[in-house]
Amino acid sequence: MIDDNLDEMAVAAALGTNWLGRPYYYAVSIDSTNDRLKARAGDPAYPNGTVLLADFQSAGRGRMERQWEAPPGTSLLFSALLRPDLPVERGAWLVMAAGLAVAEAIEVALPLSVGLKWPNDVVLEDGNAPGGWRKVCGMLLDTSLDPAGRLESAVIGIGLNVNIPPEALPPAITPATSLLAIAGAPVARRPLLIGLLERLERRFDAVLGGASPAPEWAARLVTLGQPVEVSAVGAAESLAGVAEGIDEWGQLLVRDAAGRLHTVAAGDVTLRGH
Ligand code: BT5
């Protein structure tokens, strides 16, 4: 039996961060950790770095009002509240930093090949999956801006499928997986969480210090150089082309068959030709 307790006492005893997860709050069950911290974004009782983790979410969210589903006690479901004082475009850097931290935390725990998928997914290689990759983690950024257009607060939500049994994985367009499903054995969540929070803090510090994570993030993107189909937010038709790169702000650059380069700020991408 794995010691899998994620409550305040158990996590505080192991956490080596300076500011992230200080304080750290645990809930057995909650609606959505992002919604809860968003509601507290202006409350000084919840300082920069506050982390809220739940063992179950009854209304877990993805982007665009989609749902995030995970059976109780199987995942890492948490959000971090930051008051970063950055220009709004650098919100994308925070998501990139989070993706890199998740990828590294998984790689330290397990001998797996971890990739990133534009715009906000962490994926694991699976030769049997359409496209060759499955989604193990999704990230969600909620921001509020001050009158000057700077980030007043940023809530970064992370949903990482750790011990979801294969038969309980939710059906999804980007096929889902878990560390258990790929590695074949349950993974202790507490050391994974501690390692992840420590990496997140280092990567957020780098972003706050002005360092762009975009080159490292791009290097891990499984979509680059591949034929893709992109459904951009707000566009009536999807776009087919080759994902050539990203720009500094994480927008995807797609070259269509006529040679035109399109810049896609937000949307979903599927790999074609597999
Ligand atoms: C995301 O959205 O991937 C962001 C997910 C963020 C979840 C965390 S959990 C803690 C925090 N609190 C919250 O309420 N949310 C954050 P998106 O790219 O829109 O993907 C959502 C889609 O992924 C859904 O429409 C499903 O198809 C699929 N999906 C749902 N649950 C999944 C899971 N456990 N694993 C993989 N895919 C899933």
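Here the structure is a predicted model, which means the values were calculated and not measured. For ligands, and for the atoms within them, numbers begin at 1 and follow the listed sequence.
- The closest approach between M64 and ligand 1 stays at or above 4.0 Å for every heavy atom of the residue.
- Of the heavy atoms in A70, none comes closer than 4.0 Å to ligand 1.
- At a heavy-atom distance under 4.0 Å, only side-chain atoms of N120, from C-beta outward, approach ligand 1.
- Ranked by closest heavy atom to atom 6 (C) of ligand 1, the top entry among Q57, R61, R134, K38 is R61.
- Within ligand 1, the atoms closer than 4.0 Å to a non-hydrogen atom of F78 are 10 (C), numbered from 1 in the order shown.
- Under a 4.0 Å criterion applied to the non-hydrogen atoms of T33, ligand 1 contributes the atoms 10 (C), 11 (C), 12 (N).
- Using a 4.5 Å cut-off on side-chain heavy atoms (C-beta onward), W68 and L77 make contact.
- For ligand 1, the polar-atom distance check against R63 finds a nitrogen or oxygen pair separated by under 3.5 Å.
- For ligand 1, the atoms closer than 4.0 angstrom to any heavy atom of G138 are 3 (O), 4 (C), 5 (C), 6 (C).
- A side-chain hydrogen bond (donor to acceptor under 3.5 Å, both in side chains) check over residues 135-155, counting only residues at least two apart or in different chains, returns the pairs N34-D142, R61-D142, D85-R150, D121-K135, S144-S153.
- To the nearest 0.5 Å, atom CG of residue N161 and atom CG of residue L180 are 10.5 Å apart.
- Surrounding CD of E107 are more than 12 heavy atoms belonging to other residues, nucleotides or ligands, all under 6.0 Å away.
- Counting heavy atoms closer than 4.0 Å to ligand 1, residue V136 contributes nothing at all.
- Atom CZ of F78 sits about 5.5 Å away from atom CG of L200, to the nearest 0.5 Å.
- Within ligand 1, counting atoms from 1 as listed, the ones closer than 4.0 Å to a heavy atom of N161 are 33 (C), 34 (N), 35 (N), 36 (C).
- Few gaps surround CE on M64; more than 12 heavy atoms of other groups in view lie less than 6.0 Å from it.
- Among pairs with a residue in residues 199-211, those fulfilling side-chain hydrogen bond (donor to acceptor under 3.5 Å, both in side chains) read W19-D205, E104-R203, R203-E216, at least two apart in sequence or across chains.
- Taking every non-hydrogen atom of G60 and a distance limit under 4.0 Å, the qualifying atoms of ligand 1 come out as 14 (O).
- The shortest contact between atom 34 (N) of ligand 1 and any protein heavy atom is with E69 O, 2.8 Å.
- Proximity of R66 to ligand 1, defined as any heavy-atom pair under 4.0 Å, is confined to the side chain (atoms from C-beta onward).
- No side-chain donor-acceptor contact under 3.5 Å links Q251 and T263.
- The A176 neighbourhood of ligand 1 comprises atoms 35 (N), 36 (C), 37 (N), with distances under 4.0 Å to a heavy atom of that residue.
- Within a 6.0 Å sphere centred on CD of E167, other residues, nucleotides and ligands contribute more than 12 heavy atoms.
- When side chains are defined from C-beta on, W118 counts as touching V264, because their heavy atoms get closer than 4.5 Å.
- The shortest contact between atom 5 (C) of ligand 1 and any protein heavy atom is with W68 CE3, 3.4 Å.
- Of the protein's non-hydrogen atoms, A172 CB, 3.3 Å is the one closest to atom 27 (O) of ligand 1.
- Nearest protein neighbour of atom 4 (C) of ligand 1, counting heavy atoms only, is M139 O, 3.4 Å.
- Here the side chains of I106 and L160 are in contact, with some heavy-atom distance below 4.5 Å.
- Around atom 24 (C) of ligand 1, the closest heavy atom drawn from Q67, K135, R36 belongs to Q67.
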